[in-house]
Novice: 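Got a structure for you, written out below as structure tokens; questions coming shortly.
Because only heavy atoms are used, hydrogens play no part in the values below, and waters and symmetry mates are left out as well, while side chains stay in.
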Amino acid sequence: MEMLEKTNTSNAFLNSELFTAVQSSELFPDSKTFADAIPKLPFAEIENNWVKQSRSAHFKLADFVAEHFIVPHANNETLRPDTQQDALNYIQAMWPKLHRHPDAQTHSTLIPLPHSYVIPGGRFQEIYYWDSYFTALGLCHDGHHQWVLDMFLNFQYLLQDNGCIPNGNRDYYRGRTQPPIMALLLDLLLSNKTQLPAVQQADFLTKAVDSLEQEYRYWMQGADALSPQNRQNHRCVLMSDGAVLNRYWDEHTGPRPESWREDLELASALPETVRSSCYTHIRAACESGWDFSSRWLAEPDKLETIRTADIVPVDLNCLLWQLETSLAHYSTLLAEEHKASQYKQAAQQRARAIQRWFWQESQGFYMDYAIAEDRASQVFSLAGVLPLFVGIATTDQARQVANKLRGEFLNSGGLVTTLTSTPQQWDSPNGWAPLQWFSVIAMENYGEQTLANEIMDAWLGNVELCLATHGCMLEKYDVVQPGTVAGGGEYQVQTGFGWTNGVSRAFYKKRHQR
């Protein structure tokens, strides 16, 4: 009841005239700032004060907000040490700065978590779902195993509270999740179980598998009801051969509170009849983690042509195959053979569908599938390495993908996200830590160790150059011109930074083991 009451209060804030007035006024350069503000009073009282005071000729919105809210600073958290400090020491020094203790209840949009967690940094002062796996890679290498367990326990809590693991622990994220990495996080935890006494509890695995099953049901809800006359629901798509694959979605509608002004501005260029659809596709792209990319655009240079929910993504379906495979494995360990058989069969069916719908022999690469056009996407992206990351690809397919990475994706600062250059941050010339990780493991899985090493060395060289130049780790990197601060997107590049630290730390470990 307490959580429900808190959420209702948060919704009242996000849907209020005051929220609209502040966001419209451009009082803060980043729409997320006010969405994350902490009310000093119950919001009903603030709203009453707003109604009374805003009618005055002397009313000043900035003064009202300062009086009634604690407004978060941009908090681009960095260490600014002597530039001679190496990346490993920087990463180890940053972990405590990014670590958060369990939350107290507030009237803000923050969903309080019962266990500690690690944030990305900068404007992102809450836990993020898929970020956490890549962050955890480094945390484990630096001995912070309990923090990784705490994050997993928080995800279990969020599943129970929300029905899915939200994008982040904010009320405005409740309608969407992110790429499903809980099974990967569980694998990571169990591989470090000797350092994690809590994992040795008798019921830990049973509860963990229950959570994986809940996440799987969330993605597959309504799949059995699909038919040739009704081929799509929110997250499931029935392909023409009878296979069921998945896509990204968000249960909420309208402009995102954390990007309210940006969304309204984008949609204002469209006919009113299609604005609602535009918001749906924007929100779906945020669930993908790739916000934004030419992967989702009908016209690569025009964000208003976004169509995320009309794309069946290769990476999402590979991670769901991984989830099905993990459920089969863990069900066997728990002596639940019937369940194990069901999940194994589901994984086999999905693997065949991935090969059927995403592999493009003429391109030698895995591509997303565009539903409306009934053909493969034309955008080459690092999502295409996921079949190798999870181990679905054949040896010959892996060789062709490796050739594509070596010949077209690899630059002097790492792998470029797509081969399309646009103003969007998940396109060329930018590179992102999680995609470097997926690609390196993909290459290692198929014996392409030399290429894996080249990717790691290029990425770490870029990270080290930017650390020496700017004194911090960054959210994303320009991999075409190493040392240059990456651009694109809705906000300035953020520092800190959780998943960059985690992946880079794991790469240093691999380099040391060569």
Novice: Which atom pairs, one a donor and one an acceptor, fall under 3.5 Å between side chains of residues 310-319 and the rest of the protein, sequence neighbours left out?
Specialist:
from   : atom 1 : to     : atom 2 : distance (Å)
Asp315 : OD1    : Arg295 : NH2    : 3.0
Asp315 : OD2    : Arg295 : NH1    : 3.0
Asn317 : OD1    : Asn246 : N      : 2.9
Asn317 : OD1    : Arg350 : NH1    : 2.8
Asn317 : ND2    : Asn246 : O      : 3.0
Asn317 : ND2    : Pro313 : O      : 2.8

Novice: What's the separation between atom CZ in Arg235 and atom CG in Leu245, rounded to the nearest 0.5 Å?
Specialist: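 Those atoms lie 15.5 Å apart.
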
Novice: Taking the six-membered ring for Trp, is the centroid-to-centroid distance between Phe380 and Phe409 below 6.0 Å?
Specialist: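 Between Phe380 and Phe409, the centre distance exceeds or equals 6.0 Å.
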
Novice: Output all residues satisfying salt bridge (charged side-chain N to carboxylate O under 4.0 Å, His left out) with Arg283, sequence neighbours left out; order by chain, then residue number.
Specialist: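 Result, salt bridge (charged side-chain N to carboxylate O under 4.0 Å, His left out) vs Arg283: Asp250.
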
Novice: Provide the closest heavy-atom pair for Gln178 versus Trp219 in the form atom of the first, atom of the second, distance.
Specialist: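 It is O-CZ2, 4.0 Å.
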
Novice: Under the salt bridge (charged side-chain N to carboxylate O under 4.0 Å, His left out) test, which residues partner Arg217, sequence neighbours left out?
Specialist: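 Testing Arg217 for salt bridge (charged side-chain N to carboxylate O under 4.0 Å, His left out), a comparison that skips the adjacent residues, returns none.
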
Novice: Minimum heavy-atom separation for Gly414 and Ala458, please, with both atom names.
Specialist: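 Minimum heavy-atom contact is N-CB, 3.5 Å.
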
Novice: Restricting to non-hydrogen atoms, name the atom on Gly289 and the atom on Pro179 that form the minimum distance, rounded to 0.1 Å.
Specialist: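 Residues Gly289 and Pro179, closest heavy atoms: N-CD, 4.4 Å.
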
Novice: What I want to check is whether the side chains of Tyr366 and Gln355 have a donor and an acceptor closer together than 3.5 Å.
Specialist: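 The answer is yes; a qualifying pair exists.
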
Novice: Could I get the full list of salt bridge (charged side-chain N to carboxylate O under 4.0 Å, His left out) partners for Glu490, not counting sequence neighbours?
Specialist: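 With sequence neighbours excluded, Glu490 shows a salt bridge (charged side-chain N to carboxylate O under 4.0 Å, His left out) to Arg256, given in chain and number order.
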
Novice: To the nearest 0.5 Å, what is the distance between OG on Ser108 and CD on Glu126?
Specialist: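 Between Ser108 OG and Glu126 CD, I get 9.5 Å after rounding to 0.5 Å.
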
Novice: Roughly how far apart are Leu460 CG and Arg505 CZ, rounded to 0.5 Å?
Specialist: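 One finds 11.0 Å between CG of Leu460 and CZ of Arg505.
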
Novice: Exactly one of Asn154, Thr109, Asp103, Ile119 should register a side-chain contact (heavy atoms from CB on, under 4.5 Å) with Asn169. Which one does?
Specialist: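 The option that passes is Asp103.
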
Novice: Could you verify whether a donor N or O on one side chain and an acceptor N or O on the other, from Asp210 and Gln214, lie under 3.5 Å apart?
Specialist: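 On atom types as modelled, these side chains do not qualify, holding no pair under 3.5 Å.
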
Novice: Taking all non-hydrogen atoms of both residues into account, name the closest pair between Cys164 and Pro166 and its distance.
Specialist: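 Of all heavy-atom pairs spanning Cys164 and Pro166, the closest is O-CD, 3.2 Å.
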
Novice: If only side-chain N and O atoms count, and only distance matters, is there a donor-acceptor pair under 3.5 Å linking Asp187 with Tyr330?
Specialist: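 The criterion, which ignores hydrogens and geometry beyond distance, is satisfied for Asp187 and Tyr330.
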
Novice: Does Tyr446 have any ring-ring contact (aromatic ring centres under 6.0 Å, His included) partners at least two apart in sequence or in another chain, and if so, which?
Specialist: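 Checked Tyr446 against ring-ring contact (aromatic ring centres under 6.0 Å, His included); zero matches.
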
Novice: Using side-chain heavy atoms (C-beta onward) and a distance below 4.5 Å, is Trp459 in contact with Tyr477?
Specialist: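 With C-beta onward as the side chain, the pair touches.
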
Novice: Quick one: salt bridge (charged side-chain N to carboxylate O under 4.0 Å, His left out) pairs with a partner in residues 424-433, sequence neighbours left out?
Specialist: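 Found none.
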
Novice: Give me each pair satisfying salt bridge (charged side-chain N to carboxylate O under 4.0 Å, His left out) with a member in residues 398-415, each pair once, sequence neighbours excluded.
Specialist: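 Output for this query lists Asp396-Arg399, Lys404-Glu408, Arg406-Glu448.
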
Novice: Quick one: side-chain contact (heavy atoms from CB on, under 4.5 Å) partners of Ser421, sequence neighbours excluded?
Specialist: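 Once residues adjacent in sequence are excluded, the partners of Ser421 under the side-chain contact (heavy atoms from CB on, under 4.5 Å) criterion are Ser428.
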
Novice: Taking Asn462 for its side chain and Asp478 for its backbone only, find out whether a donor-acceptor pair lies under 3.5 Å.
Specialist: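 Indeed, once roles are kept as given, a pair shorter than 3.5 Å links the two residues.
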
Novice: Hey, are the side chains of Ile111 and Asp161 touching, using non-hydrogen atoms and a 4.5 Å cut-off?
Specialist: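 Sidechains of Asp161 and Ile111: in contact.
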
Novice: Can you name the residues that form a salt bridge (charged side-chain N to carboxylate O under 4.0 Å, His left out) with Asp291, not counting sequence neighbours?
Specialist: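 Result, salt bridge (charged side-chain N to carboxylate O under 4.0 Å, His left out) vs Asp291: none returned.
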
Novice: Is there a side-chain contact between Thr469 and Glu464, using heavy atoms and a 4.5 Å cut-off?
Specialist: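 They are not in contact (no side-chain heavy atoms under 4.5 Å apart), so the answer is no.
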
Novice: Identify the heavy atoms of Met94 and Gly496 that sit nearest to each other, and give their distance.
Specialist: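 Closest heavy-atom pair between Met94 and Gly496: CE-O, 3.3 Å.
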
Novice: I want to check something: taking the side chain as every heavy atom from C-beta on, are Leu435 and Leu415 in contact at a cut-off of under 4.5 Å?
Specialist: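 When only atoms from C-beta onward are counted, Leu415 and Leu435 do not touch, as no gap falls below 4.5 Å.
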
Novice: Going by atom types alone, do Glu262 and Ser31 pair a side-chain donor with an acceptor below 3.5 Å?
Specialist: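 Ser31 and Glu262 do have a side-chain donor-acceptor pair below 3.5 Å.
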
Novice: List for me each residue that meets side-chain contact (heavy atoms from CB on, under 4.5 Å) alongside Gln360, sequence neighbours excluded, and say none if there are none.
Specialist: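 Result, side-chain contact (heavy atoms from CB on, under 4.5 Å) vs Gln360: Gln363, Met367, Ala376.
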
Novice: Compute the centroid of each ring, for His99 and then for Trp147, and state whether the two points are separated by less than 6.0 Å.
Specialist: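 For His99 and Trp147, the ring centres are under 6.0 Å apart.
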
Novice: Do you know which two heavy atoms are closest between His252 and Tyr172, and how far apart they sit?
Specialist: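 Result for this residue pair: ND1-O, 4.1 Å.
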
Novice: Is the centre of the Tyr133 ring less than 6.0 Å from the centre of the Tyr128 ring?
Specialist: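 No - the distance between ring centres of Tyr133 and Tyr128 does not fall below the 6.0 Å cut-off.
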
Novice: Quick test of your reading: applying salt bridge (charged side-chain N to carboxylate O under 4.0 Å, His left out), list the pairs with at least one residue in residues 127-138, sequence neighbours left out, ordered by first then second residue.
Specialist: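 Not a single pair qualifies under salt bridge (charged side-chain N to carboxylate O under 4.0 Å, His left out).
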
Novice: What pairs with Thr135 under side-chain contact (heavy atoms from CB on, under 4.5 Å), at least two apart in sequence or on another chain?
Specialist: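 For Thr135 the side-chain contact (heavy atoms from CB on, under 4.5 Å) partners, ignoring immediate neighbours, are Trp95, Val118, Leu139, Trp499.
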
